[in-house]
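Input: a single structure, listed below in structure tokens.
Along the sequence shown, the residues carry numbers beginning at 1.
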Amino acid sequence: MDVYDVSDDLVKKLNDWKLIGIISGKFNELKENYSKVNFVEHALKDFKYMEKIFLNVTLRENKCNKRSIEFRMLGNEQFSLKNRKYFQALELYNKSICFAELNSEHLSIGYANRSAVLFEWKRYRECLANIELARKANYPERLRHKLDKRERDCQQLVQQQAPDIVPYDFKMSFEPHAQVPYIANCLELRETPEEGRFIVTTRDLVVGDVVAQEQPFCSTLLTPMRYIRCATCKEERYLTLIPCDNCCSVMFCSEQCKQRANSTFHKYECPVIDFLHRMFNKIHGIALRTTLSALDLFDSIEQLMAYCEQPHNQHKCVFDLDFGQLTSQEHYRAIHGMVTNQQLRSVSDLFQRSVVCAVLKHFIIEYTPLKEFLGGEDGRNFFTDLLFRHLQTSPSNMHGIDLVEQVNETKDDQSHSSGAYPFLSLLNHSCAPNTLRIYEGTKAHLFVLRPIKAGEVLYDNYGSHFAIFSRKQRQDTLSMQYRFNCKCEACELDYPQFRQMPHKSTVPSVNDETDMKSLGAYNYEFALDNYNKYCDFLTQFAAAYPCEQISSAEECLKMALHIMVDAVPLKAKM
């Protein structure tokens with residue numbers, strides 16, 4: 001069961017009882033969003049949905065040594081000489097560490113087992129870090145001789161471990177913008193009734209130019225990554241992660257990240273963390289995190305209410321911010337100003353969104369410390385309004401934080417987090433984009449992918465690329481999720497998908513099997529030596545777009561850039 005099952009079942013029940021017309025009419029008459037959500041919440045309570053959810057969905061799994069032992073045994077099986085599946089073993093050991101009860105020996109044994117994997121893997125520095133964690137967690141005396149020997153062996157071998165890759169230090173290709181210092185000074189904001197807000201360049205751009213480097217206002221880790229990456233900084237640290245003291249679904253790369261999370265978003269999410277993972281998707285997750293991050297900026301809910309209601313804080317974007325005094329509160333103005341498109345939404349869309357908001361806000365208020373922060377009815381209603389707002393802006397404005405696209409079994413690691421990027425949200429969509437986002441951690445680098453003339457618009461891709469999806473598939477997806485009919489060049493000219501793309505005799509091939517083999521092996525030196533070659537080729541032959549040779553070169557460039565910023569899962573590199 002997830003929140004959409006609840007919504008669908010409620011609508012079905014209202015239809016069966018011939019109440020849908022009455023309920024829809026009353027819902028539609030309500031003017032305030034919090035009133036809509038509260039109306040739906042009452043319906044959910046009347047039909048016993050909140051009670052059913054509480055009885056059937058665990059809010060937070062408790063620490064349990066029995067479960068910890070079970071995961072450790074499964075990890076041992078994967079680590080055995082028969083299997084030698086080290087990544088599967090590591091993730092299971094991390095689960096074992098998370099489920100271990102505080103001050104029990106099972107926590108220390110989990111760290112020790114993790115150190116054994118790392119020793120076999122020749123990751124000696126991380127092995128020593130885990131041995132230290134095991135000792136601090138009171139590793140049992142009866143087993144200490146094993147740990148002592150591994151530590152001595154590690155200390156003799158640690159110098160043999162190669163240094164980790166240092167990401168290439170990309171710089172912006174132009175001077176910083178006077179108003180927005182993390183974008184190039186050639187970028188400008190424009191707005192029309194048809195296109196809304198969008199970005200143009202005042203000078204010619206070539207492939208490979210870096211025109212923005214943006215950190216998110218906030219970000220949230222996707223559920224499948226919870227035993228692999230730090231919940232705070234999102235770094236892949238599953239060789240040395242430490243657990244939350246209270247829940248079994250969150251890990252951190254350091255005590256600093258742990259303390260930061262517990263003093264901000266995690267103090268609210270922790271009591272209901274497994275409920276959140278089970279019932280909601282990544283769009284709902286980043287909407288909640290954005291709302292909680294906004295609350296954390298102020299000492300009281302009344303201060304946030306006053307801030308959001310001030311006229312000069314309405315409908316703002318990054319070009320309206322004061323970067324001379326860019327506090328987190330100032331940063332939030334651009335997130336709060338993202339377009340909701342509520343006037344374009346149908347009653348059924350708003351009703352479903354109200355169900356999501358009602359379930360989410362009910363449990364986050366009733367079962368976490370948030371209730372105390374919000375105080376009375378005004379605070380709860382404002383929080384509901386804010387959450388509903390971000391549930392509307394998230395699908396079309398938040399960004400998935402991606403890794404290199406892989407062709408092997410690690411493809412499930414392609415996206416690890418979602419982030420709120422106020423500048424990137426201003427880029428309009430094209431099925432044939434001329435820019436490319438590459439993430440170094442959570443920092444987004446915006447590269448030029450196709451030459452852009454002065455006065456032309458910069459286009460991002462919202463996940464519907466012409467080389468992969470048919471025109472009809474793209475149109476249907478974009479209309480449903482983003483509420484617009486795409487009229488980009490790929491749709492207007494009906495560009496062919498990659499398999500049908502022509503091989504143009506006037507265009508040479510810049511890449512061959514060597515490129516694919518080296519980039520497929522995530523060869524950093526090869527990527528560094530060849531990415532300029534791909535940039536120059538794509539700039540020189542841009543007039544032949546689209547064709548097979550250009551699409552292949554684009555893919556090579558994307559791979560090279562991902563490798564250079566080290567946006568490659570450890571699993572793929574080993």
Side-chain angles (χ1 to χ4, degrees), residues 3 6 23 26-51 53-54 57 59-60 217-218 246 261-273 275-276 279-280 284-314 327-329 332-333 335-338 340 342 350-351 353-394:
V3 73
V6 173
I23 296 295
K26 288 182 177 180
F27 175 85
N28 204 33
E29 288 172 2
L30 299 168
K31 302 301 180 187
E32 302 292 342
N33 285 331
Y34 72 79
S35 298
K36 292 180 185 292
V37 176
N38 290 343
F39 176 81
V40 169
E41 184 180 5
H42 284 302
L44 290 166
K45 288 179 179 178
D46 289 343
F47 286 103
K48 308 295 184 186
Y49 283 101
M50 295 304 190
E51 182 181 324
I53 292 169
F54 182 78
V57 180
L59 298 185
R60 180 176 72 186
F217 167 71
C218 66
N246 300 304
N262 286 331
S263 65
T264 55
F265 64 89
H266 195 55
K267 66 184 175 185
Y268 300 126
E269 294 179 5
C270 186
V272 291
I273 190 69
F275 160 78
L276 295 177
M279 293 292 292
F280 301 98
H284 311 142
I286 189 62
L288 175 63
R289 182 65 58 82
T290 303
T291 308
L292 295 177
S293 297
L295 279 130
D296 189 59
L297 302 177
F298 297 85
D299 293 331
S300 70
I301 190 66
E302 289 78 16
Q303 290 180 15
L304 176 56
M305 289 167 65
Y307 182 87
C308 291
E309 288 166 2
Q310 290 170 7
H312 64 268
N313 287 335
Q314 304 294 320
T327 62
S328 296
Q329 292 181 9
Y332 178 66
R333 291 174 74 210
I335 301 296
H336 189 75
M338 290 176 174
T340 65
Q342 183 162 343
L350 291 171
F351 188 85
R353 218 167 286 268
S354 295
V355 172
V356 173
C357 190
V359 175
L360 187 49
K361 77 104 170 178
H362 174 82
F363 282 88
I364 201 79
I365 290 176
E366 291 301 319
Y367 299 102
T368 81
L370 184 61
K371 189 173 188 176
E372 299 168 20
F373 182 84
L374 297 180
E377 185 178 358
D378 287 347
R380 292 195 299 272
N381 286 341
F382 176 77
F383 172 80
T384 303
D385 255 346
L386 200 61
L387 179 59
F388 191 79
R389 178 185 190 87
H390 291 309
L391 283 168
Q392 291 188 84
T393 59
S394 289

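- Here the straight-line distance linking atom CG of Leu374 with atom CD1 of Ile365 works out to 5.0 Å at 0.5 Å rounding.
- Not a single donor-acceptor pair under 3.5 Å links the side chain of Gln342 to the backbone N or O of Gln392.
- Counting only heavy atoms from C-beta outward, the side chains of Leu386 and Leu304 approach each other to under 4.5 Å.
- Shown here for Pro271 and Tyr367, the closest heavy-atom pair between the two residues is CB-O, 3.4 Å.
- In this structure, CD1 on Ile273 lies 6.0 Å from NE2 on His266, to the nearest 0.5 angstrom.
- Here the closest non-hydrogen pair linking Asp296 and Ser263 is OD1-O, 3.8 Å.
- The closest donor-acceptor contact from the side chain of Arg389 to the backbone of His336 lies under 3.5 Å.
- Annotation for Val37 and Ser354: closest pair CG1-O, 4.0 Å, computed over non-hydrogen atoms.
- Using cut-offs of 30° and 60° for the angle between ring planes, the Phe54 and Phe363 rings count as parallel.
- Atom NZ in Lys361 sits 10.5 Å away from atom CG in Leu370 (nearest 0.5 Å).
- Residues Tyr34 and Phe382 keep their aromatic ring centres 6.0 Å or farther apart.
- A heavy-atom distance below 4.5 Å is not found between the side chains of Asn313 and Tyr332.
- Contact between Cys270 and Asn246 at its shortest, heavy atoms only, is SG-CB, 3.8 Å.
- Between Phe383 and Phe373, a ring centre-to-centre spacing not shorter than 6.0 Å is recorded.
- Put simply, the side chain of Tyr307 never gets that close to the backbone of Phe298: no donor and acceptor are under 3.5 Å apart.
- For the atom pair CG of Leu288 and NE2 of His390, the computed distance is 10.5 Å after rounding to the nearest 0.5 Å.
- Using a 30° and 60° split on the angle between ring planes, His284 and Phe280 fall in the perpendicular class, above 60°.
- Between the NZ atom in Lys267 and the OG1 atom in Thr368 there is a gap of 10.0 Å [rounded to 0.5 Å].
- Remark: the backbone N or O of Phe27 is paired with a side-chain donor or acceptor of Lys36 at under 3.5 angstrom.
- Looking only at side-chain heavy atoms (C-beta outward), Val359 and Met50 come within less than 4.5 Å of each other.
- Enclosure of atom CG in Asp299 is not indicated, since only 12 or fewer non-hydrogen atoms of other residues, nucleotides or ligands lie within 6.0 angstrom.
- For CD of Glu377, the number of neighbouring non-hydrogen atoms (other residues, nucleotides, ligands) closer than 6.0 Å is 12 at most.
- Distance check, rounded to the nearest 0.5 Å: CG of Asn38 to CZ of Arg380 gives 9.0 Å.
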For a side-chain contact (heavy atoms from CB on, under 4.5 Å) check, start with the C-alpha distance between Val355 and Tyr49, then their side-chain angles and the critical distance, and finish with the verdict. CA-CA 11 Å; Val355 172; Tyr49 283 101; over 6 Å; no
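- Within the 4.5 Å cutoff, side-chain heavy atoms of Thr384 are placed close to those of Cys357.
- Looking only at distances, a side-chain donor or acceptor of Arg353 sits under 3.5 Å from a matching main-chain atom of Leu391.
- The shortest heavy-atom contact between Val6 and Met279 is CG2-CE, 4.1 Å.
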